[in-house]
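From a predicted model like this one, the values you see are computed outputs, not experimental measurements.
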Amino acid sequence: MKNLITTVACLIILLVIMLQFSVNQATNAHLTAADKAVAGFNQEIRIEGGISEEKQSALQEKMAKILGCKAEEVKLTGKGEGGVVPGPGEVPRGEFIYYTLSIPLKDVIAAAEFWNLADTEKDQRKTYKEACASEYIDHTQQW
């Protein structure tokens with residue numbers, strides 16, 4: 001009988017660990033998609049020489065769709081005072097556009113209740129600190 005009890009306890013723990021492998025794969029897929037979205041965003045803003053409101057909201061919506069969260073949970077801040085992001089055409093060619101993107105990762109730990117973890121411990125945030133060189137050319141200036 002004691003062998004049965006210990007076997008059942010071990011099986012339960014093994015099943016929870018196996019569940020964690022699935023959660024890790026899903027989290028990795030979400031992060032890969034997020035990395036690709038950030039790389040595409042960098043290519044778009046370097047041409048404009050800054051970050052427009054439309055591009056910012058499009059990135060937030062895209063991240064929300066990828067991660068299954070609300071767009072308001074995706075935070076985009078600039079390097080300047082107050083975290084203001086540079087607008088289109090504000091960063092001349094050759095200078096860098098700096099911004100920080102923070103995204104939520106929900107349910108990173110499978111069966112958190114089994115391990116007696118609080119809801120705040122199973123959720124994490126990933127932060128991208130990005131810098132990309134501006135390729136913006138102001139066509140209004142005369143040579």
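Taking both residues in full, the closest heavy atoms of G49 and I97 are given as C-CD1, 3.9 Å, listed atom of the first, atom of the second, then distance. Nearest heavy-atom pair, L59 versus A37, reported as atom, atom and distance to 0.1 Å: CD1-O, 4.2 Å. In this structure, S52 and E48 approach most closely via the heavy-atom pair OG-OE1, 3.7 Å. Heavy-atom minimum distance, F96 versus A133: CD2-N, 3.7 Å.
Note that the CE atom of M63 and the CG atom of L101 stand 5.0 Å from one another [nearest 0.5 Å]. Residue L15 holds its CG atom at 13.5 Å from CD of Q20, rounded to the nearest 0.5 Å. Remark: K55 NZ to L76 CG distance equals 13.5 Å, nearest 0.5 Å. Interatomic distance, CZ of F114 versus CD1 of I12, reported as 6.5 Å (0.5 Å rounding). Atom OG1 of residue T127 and atom NZ of residue K75 lie 12.0 Å apart, to the nearest 0.5 angstrom. A distance of 5.0 Å separates CG in L67 from CD1 in I103, rounded to the nearest 0.5 Å.
Cluster membership for M18 and V16, using ILVMFWY side-chain heavy atoms within less than 4.5 angstrom, is shared. Hydrophobic clustering places V108 together with I66 (ILVMFWY residues linked when any side-chain heavy atoms are closer than 4.5 Å, directly or through intermediates). Cluster membership for Y136 and I45, using ILVMFWY side-chain heavy atoms within less than 4.5 angstrom, is not shared. With hydrophobic clusters built from ILVMFWY side chains whose heavy atoms lie under 4.5 angstrom apart, L117 does not share a cluster with L105. In the hydrophobic clustering of this structure, I47 does not group with V38; members are Ile, Leu, Val, Met, Phe, Trp, Tyr whose side-chain heavy atoms approach within less than 4.5 Å, directly or through other members.
Judged by distance alone, the side chain of E95 and the main-chain N or O of P92 form no donor-acceptor pair under 3.5 Å. Distance alone, capped at 3.5 Å, is enough to place a donor-acceptor pair between the Q60 side chain and the V74 backbone.
Checked against a 6.0 Å centroid threshold, the rings of F41 and Y99 count as neighbours.
Just one of L4, L11, T6 meets the side-chain contact (heavy atoms from CB on, under 4.5 Å) condition when paired with V8; it is L4. Shown are Q43, E44, R46; of these, the side-chain contact (heavy atoms from CB on, under 4.5 Å) with C132 is made only by R46.
Residues meeting the side chain to side chain donor-acceptor pair (under 3.5 Å) test with S102, sequence neighbours left out: R125. Partners of Q56 under the side chain to side chain donor-acceptor pair (under 3.5 Å) rule, at least two apart in sequence or in another chain, do not exist in this structure.
Sequence neighbours left out, the pairs with a member in residues 104-115 that pass side-chain hydrogen bond (donor to acceptor under 3.5 Å, both in side chains) are E73-K106, D107-K122.
Residues D35 and K126 are in side-chain contact: their nearest non-hydrogen atoms beyond the backbone lie under 4.5 Å apart.
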